[in-house]
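For reference, the structure discussed in these notes is given below.
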2 protein chains.
Amino acid sequence: MTVRSRPASEPSVVEDDEATLPRGQRKQRTRDALIDAALQLMNEGRSFNSLGLREITRVAGVVPTSFYRHFKDTNELGLVLVEESGLTLRRMLREARRAGAPMKDMIRRSVQVYKAFVLSNRLHFLFVAGERSGGSPVIRSAIRNEVDQFIDEMTSDLRHLAIFPNLSPESLRMVCELVVNTMLHAATDILDLPPGDEAQARAQEDNHVHQVRLIFLGAQLWRDENEKG
Amino acid sequence: MTVRSRPASEPSVVEDDEATLPRGQRKQRTRDALIDAALQLMNEGRSFNSLGLREITRVAGVVPTSFYRHFKDTNELGLVLVEESGLTLRRMLREARRAGAPMKDMIRRSVQVYKAFVLSNRLHFLFVAGERSGGSPVIRSAIRNEVDQFIDEMTSDLRHLAIFPNLSPESLRMVCELVVNTMLHAATDILDLPPGDEAQARAQEDNHVHQVRLIFLGAQLWRDENEKG
DNA sequence: TCAGTGAGTGGACGTATGTTCACTGATGAG
DNA sequence: CTCATCAGTGAACATACGTCCACTCACTGA
């Protein structure tokens with residue numbers, strides 16, 4: 001289940017005019033091409049588990065049988081995609097940690113940064129948002145694990161920031177889950193919105209900002225004693 | 001795009017030992033069988049747009065060509081499914097309206113009623129939650145319309161209940177959208193949880209209750225003036 | 001009563017799929 | 001230099017698919 005470290009951009013087709021490369025590196029090359037091909041097909045509106053093995057290899061510019069040199073079936077490729085997407089999520093959190101919480105207009109800034117991140121990792125978010133509920137059960141549960149882990153990390157980060165000192169760890173996690181679900185759904189909105197429509201983009205951003213603000217407002221007022229009964 | 005009024009239960013296969021029926025009624029019968037077949041297949045973990053026409057007719061107990069007497073392709077069947085699911089959502093709202101808002105433990109009671117409703121309309125919620133993001137673009141956008149309409153109705157209901165007199169219509173809608181997104185995702189949780197595990201079911205219910213409570217807490221404290229800038 | 005309608009049938013078609021197999025030929029280790 | 005390795009090839013397979021067609025025959029309406 002190794003994962004490539006190279007950017008998930010879209011050259012996709014394996015280029016044979018390439019300067020001769022070491023064996024392992026060359027193998028990784030077509031493996032990446034297969035993964036990119038799957039992502040590219042999903043970017044054209046297809047859902048993952050409707051993709052065919054031959055279809056993927058065709059887009060990757062490789063013969064169908066080559067597929068088996070890298071994955072035992074399409075599902076296995078899907079699990080690699082889950083792993084990659086998980087890394088992308090983790091990376092987002094890490095960057096946010098490095099940048100620190102903006103003090104002024106914290107939520108709006110965060111929403112803007114999030115939108116930019118989603119757009120520059122469009123394929124991974126498309127995959128996660130799309131297959132999180134609906135796809136094959138094995139992939140769905142793999143994504144659920146990844147997202148759960150993400151929520152845990154975010155909970156830990158928020159605790160160290162001490163933004164909600166009133167919340168117990170369990171309640172803080174509940175808040176994070178709410179935020180993550182909301183923002184993962186927001187990713188669908190963001191990716192569906194055609195670029196250029198500035199007015200609608202602003203309305204969308206406001207909407208997301210308001211939703212997160214409302215959640216944070218509730219979180220600040222939350223008292224765990226209310227729930228003990 | 002007519003929709004059957006009969007329950008979406010699962011006899012599914014068209015029974016030819018049936019007492020002879022009037023023509024139109026008999027047609028509706030196999031049409032229902034086709035729709036039920038699609039739902040049944042999705043209930044076995046398949047996503048809608050991976051279903052094949054032949055597969056559906058096979059489960060429905062009918063020859064493939066019969067399909068064309070009812071739908072021009074599987075996508076058209078999908079749109080009927082969206083319409084049906086929309087009716088189910090509307091029905092839920094109507095029942096809630098008739099029952100009125102419970103005064104004590106309002107949120108917990110509502111979450112319990114919601115869970116019961118989801119379980120007794122499992123197939124429709126499975127379809128909506130699964131295809132809302134990820135399936136074919138045309139079905140996804142049809143579902144989005146249906147959900148938007150649902151949010152509008154819920155907004156109107158909440159306004160008449162005057163639970164949040166502080167909220168402008170726009171903010172109230174924003175709150176409803178948040179609740180609907182949260183609870184539609186909750187439907188996935190509910191449907192995925194195997195029955196019998198009482199402890200986990202309780203934990204899940206608590207989690208959903210807390211999330212809605214937190215949203216409502218935020219909504220009560222919301223002041224629109226904060227957002228005008 | 002009788003003709004026409006139309007839901008459902010069964011066979012055939014071209015094309016697509018996933019998987020198998022023996023193969024080629026450059027790479028990289030000795 | 002030599003030779004085994006193995007990523008990628010290309011042909012072949014059984015099977016599945018969507019769609020077309022001519023057909024049946026029970027119901028309907030006049």
Side-chain angles (χ1 to χ4, degrees), chain A residues 2 4 11-38 41 44 46-80 136 138-139, chain B residues 2 4 11-38 41 44 46-80 136 138-139:
Chain A
T2 321
R4 66 228 169 109
S12 194
V13 178
V14 55
E15 309 157 28
D16 47 359
D17 57 0
E18 205 72 57
T20 301
L21 287 171
R23 262 262 256 263
Q25 212 160 328
R26 199 139 182 93
K27 176 169 183 178
Q28 188 70 20
R29 199 76 143 202
T30 65
R31 203 183 114 107
D32 288 359
L34 289 169
I35 295 176
D36 287 341
L41 283 166
E44 289 160 10
R46 312 277 313 278
S47 83
F48 176 76
N49 68 347
S50 79
L51 301 183
L53 179 152
R54 288 181 106 105
E55 195 178 8
I56 293 173
T57 59
R58 204 180 305 126
V59 171
V62 118
V63 96
T65 41
S66 276
F67 188 92
Y68 297 108
R69 301 278 182 210
H70 305 276
F71 313 99
K72 83 176 222 294
D73 53 28
T74 50
N75 236 322
E76 191 172 296
L77 192 159
L79 291 178
V80 172
S136 86
V138 40
I139 289 193
Chain B
T2 320
R4 68 229 169 105
S12 196
V13 178
V14 57
E15 312 159 26
D16 47 358
D17 56 0
E18 204 73 60
T20 303
L21 287 170
R23 257 269 253 260
Q25 211 161 326
R26 198 135 182 97
K27 175 169 184 177
Q28 188 71 20
R29 200 78 143 201
T30 65
R31 203 182 116 109
D32 288 359
L34 289 169
I35 296 176
D36 287 340
L41 283 166
E44 289 161 10
R46 313 277 314 278
S47 85
F48 176 77
N49 68 347
S50 78
L51 301 184
L53 180 151
R54 289 182 102 104
E55 196 177 8
I56 294 173
T57 58
R58 203 179 307 126
V59 172
V62 119
V63 99
T65 39
S66 274
F67 188 91
Y68 297 109
R69 301 280 183 207
H70 304 275
F71 312 101
K72 84 176 221 296
D73 53 27
T74 50
N75 236 321
E76 192 173 295
L77 190 158
L79 291 178
V80 171
S136 88
V138 40
I139 288 195

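Here is the naming used below: chain letters follow the sequence lines, and residue numbers restart at 1 for every chain. Bear in mind the structure is a predicted one, so any value in this text is a computation, not a measurement.
- Along DNA chain D, the nucleotide nearest to A/S66 and the one nearest to B/T74 differ in position, and the one closer to the 5' end is contacted by A/S66.
- Distances shown here put every side-chain N or O of A/T65 at or beyond 4.0 Å from the OP1 or OP2 atom of D/dG10.
- Comparing A/R54 and A/H70 against DNA chain D, the residue whose closest nucleotide sits nearer the 5' end is A/H70.
- In this structure the side chain of B/L34 reaches within 4.5 angstrom of the side chain of B/T57, judged on heavy atoms.
- As a whole-Å value, the separation of A/I56 CD1 from C/dT17 P is 11 Å.
- Between the CG atom of B/L34 and the C1' atom of C/dG8 there is a distance of 11 Å, rounded to whole Å.
- Rounded to an integer number of Å, the gap from CZ of A/F67 to P of C/dT17 is 13 Å.
- The CG-C1' distance, from A/L53 to D/dC17, rounds to 17 Å in whole Å.
- Between atom NZ of residue B/K27 and atom OG of residue B/S66 there is a gap of 10.5 Å, rounded to the nearest 0.5 Å.
- In this structure, CZ of A/R31 is placed 16 Å from C1' of D/dC6, rounded to the nearest angstrom.
- Between B/T30 and C/dA7, a side-chain N or O to OP1/OP2 separation shorter than 4.0 Å is absent.
- Look at D/dT19: its Watson-Crick or wobble partner, with both distances under 3.5 angstrom, is C/dA12.
- Taking the side chain as every heavy atom from C-beta outward, B/L77 and B/F48 approach each other to under 4.5 Å.
- Note on A/Y68: a base of the nucleic acid sits closer than 4.0 angstrom, heavy atoms only.
- In this structure the side chain of B/F71 never reaches within 4.5 angstrom of the side chain of B/L53, judged on heavy atoms.
- Taking atom CG of residue A/L51 and atom P of nucleotide C/dT17, one finds them 11 Å apart after rounding to whole Å.
- The side chain of B/R58 approaches D/dC17 more closely than any other nucleotide in the set C/dA7, D/dC17, D/dT9.
- Distances shown here put every side-chain N or O of A/R26 at or beyond 4.0 Å from the OP1 or OP2 atom of D/dT5.
- The CD1 atom of B/I139 lies 5.0 Å from the CG atom of B/N75; values are rounded to the nearest 0.5 Å.
- Residues A/I56 and A/T74 share a closest heavy-atom pair of CD1-CG2, 4.1 Å.
- Atom P of nucleotide C/dG18 and atom CG of A/L77 are separated by 12 Å, given to the nearest angstrom.
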B/D32 vs B/Q28, side chain to side chain contact (heavy atoms under 4.5 Å, CB included): CA-CA, chis, key distance, verdict: CA-CA 6 Å; B/D32 288 359; B/Q28 188 71 20; 3.4 Å; yes

Taking only N/O atoms, report every protein-nucleotides 28-30 of chain D pair under 3.5 Å with atom names and distance.
| residue | atom | partner | partner atom | Å |
| --- | --- | --- | --- | --- |
| D/dT28 | OP1 | B/R23 | N | 3.0 |

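- Nearest-nucleotide positions on DNA chain C place A/P64 closer to the 5' end than the other of A/P64 and A/R69.
- One can place CG of A/D73 at 7 Å from P of C/dT19, the figure rounded to the nearest angstrom.
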